[in-house]
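Everything below concerns the one structure shown next.
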Amino acid sequence: MTWFWDYPYILTDRARSAFVTNMAASAKADGYYMVSVPNKVAKRPVLIKVDAKDRKLSEEGYLRAAPELLKDGRNINDYYVTGLVSLPNGKLLGYSIRYNTLLLINPDTKTVEAAYRMPKDLKLAHSMTIKGDSIFMLGRENGKDMVYELSMPPLSNQK
């Protein structure tokens, strides 16, 4: 069993001005990924990787997305990632609660490669995991905790 205090605690200059609401173990089990939440001080989301052995920051960079991937003239700074999972191919799936969007992220290039609109009935989702071809998300609806099971989108950029 893994306890809350077993997760890495990271203190960097960025940690004083940004926070994260997600974490995913890397597919290689060599670290953890997180995406910071844009705010008034740190306006751009940062993809962060922490080394699993020493629990120290091993890399970070601004998350980028091509404008044509994001709808209605939005940019990646408008997204608020509350769920994050690692795929077997090393890519990440991040869920943005702000626009109810699933983001396919390449951690090597720190870019969003695809964006998928999620069903409208998904309410206040904040966590996710994958089993088989399903995505399970936790959410809240009418004062009750909910578990949503969704089909995995066709990840055309997944190689």
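Sequential numbering from 1 along the given sequence is applied to the chain's residues.
Considering CG of Asn22 and OH of Tyr32, their distance stands at 14.5 Å, rounded to 0.5 Å. Expressed to the nearest 0.5 Å, how far CG of Leu104 lies from CD of Glu113 amounts to 5.5 Å. Atom OG in Ser96 sits 15.5 Å away from atom OH in Tyr116 (nearest 0.5 Å). Rounded to the nearest 0.5 angstrom, Met34 CE and Leu92 CG are separated by 12.0 Å. A distance of 12.5 Å separates OH in Tyr33 from NZ in Lys91, rounded to the nearest 0.5 Å.
Met137 approaches Ala125 most closely through the heavy-atom pair CE-CB, 3.8 Å. Counting all heavy atoms, side chain and backbone alike, Ser86 lies closest to Ala25 at CB-O, 2.9 Å. A pairwise comparison of heavy atoms in Ile76 and Arg64 identifies CG2-CA, 4.4 Å as the closest pair. When every heavy atom of Pro38 is checked against every heavy atom of Lys43, the shortest pair comes out as CB-O, 3.4 Å. Closest non-hydrogen pair, Ser151 versus Ile135, comes out as O-CD1, 4.4 Å. Closest non-hydrogen pair, Ala65 versus Val112, comes out as CB-CB, 3.7 Å.
Under a 4.0 Å N-O distance rule, the pair Lys49/Glu60 does not qualify as a salt bridge.
Linking Ile, Leu, Val, Met, Phe, Trp and Tyr residues whenever their side-chain heavy atoms come within less than 4.5 Å leaves Leu122 and Phe136 in two separate clusters.
The side-chain tip of Arg98 does not point at the ring of Tyr79 from less than 6.0 angstrom away and within 45° of straight on.
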When you look at Leu102 and Met128, which way does the side-chain contact (heavy atoms from CB on, under 4.5 Å) test go after all the steps?
CA-CA 11 Å; Leu102 197 62; Met128 61 192 272; 3.7 Å; yes
Is there a side-chain contact (heavy atoms from CB on, under 4.5 Å) between Leu138 and Met146? Walk through the geometry before answering.
CA-CA 6 Å; Leu138 298 178; Met146 302 293 292; over 6 Å; no
Candidate pair Thr101 and Arg117, rule side-chain contact (heavy atoms from CB on, under 4.5 Å), full reasoning
CA-CA 5 Å; Thr101 303; Arg117 179 180 296 208; 5.7 Å; no
Steps toward salt bridge (Lys or Arg N to Asp or Glu O under 4.0 Å) verdict (Arg74, Asp72)
CA-CA 6 Å; Arg74 298 174 183 146; Asp72 300 331; 3.7 Å; yes
Apply side-chain contact (heavy atoms from CB on, under 4.5 Å) to the pair Met152 and Ile130, showing each step before the final yes or no.
CA-CA 8 Å; Met152 183 75 77; Ile130 296 173; 3.5 Å; yes
Take Tyr148 and Glu141 through the test side chain to side chain donor-acceptor pair (under 3.5 Å) and record every step on the way to the result.
CA-CA 11 Å; Tyr148 301 97; Glu141 192 172 320; 2.8 Å; yes
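Thr111 contributes no side-chain N or O that, together with a main-chain N or O of Asn106, makes up a donor-acceptor pair within less than 3.5 Å. A donor-acceptor pair is defined here as one N or O able to donate and one able to accept, closer than 3.5 Å; no such pair exists between the side chain of Asp30 and the backbone of Ala52.
Taking the side chain as every heavy atom from C-beta outward, Asn77 and Pro45 approach each other to under 4.5 Å. The closest side-chain heavy-atom distance from Leu124 to Ile97 is below 4.5 Å. Side-chain contact between Val37 and Val81 is absent, with no heavy-atom pair separated by less than 4.5 Å. Counting heavy atoms from C-beta on, the side chains of Pro119 and Leu150 come closer than 4.5 Å. Counting heavy atoms from C-beta on, the side chains of Leu87 and Leu93 come closer than 4.5 Å. A 4.5 Å side-chain heavy-atom check between Leu47 and Ile105 finds at least one atom pair inside the cut-off.
No more than 12 heavy atoms of other residues, nucleotides or ligands shown are found within 6.0 angstrom of CG on Asn142. Crowding of Asp121 atom CG: a count of heavy atoms from other residues, nucleotides or ligands under 6.0 Å exceeding 12.
With no hydrogens or angles considered, a side-chain donor-acceptor pair links Asn100 and Tyr95 at under 3.5 Å.
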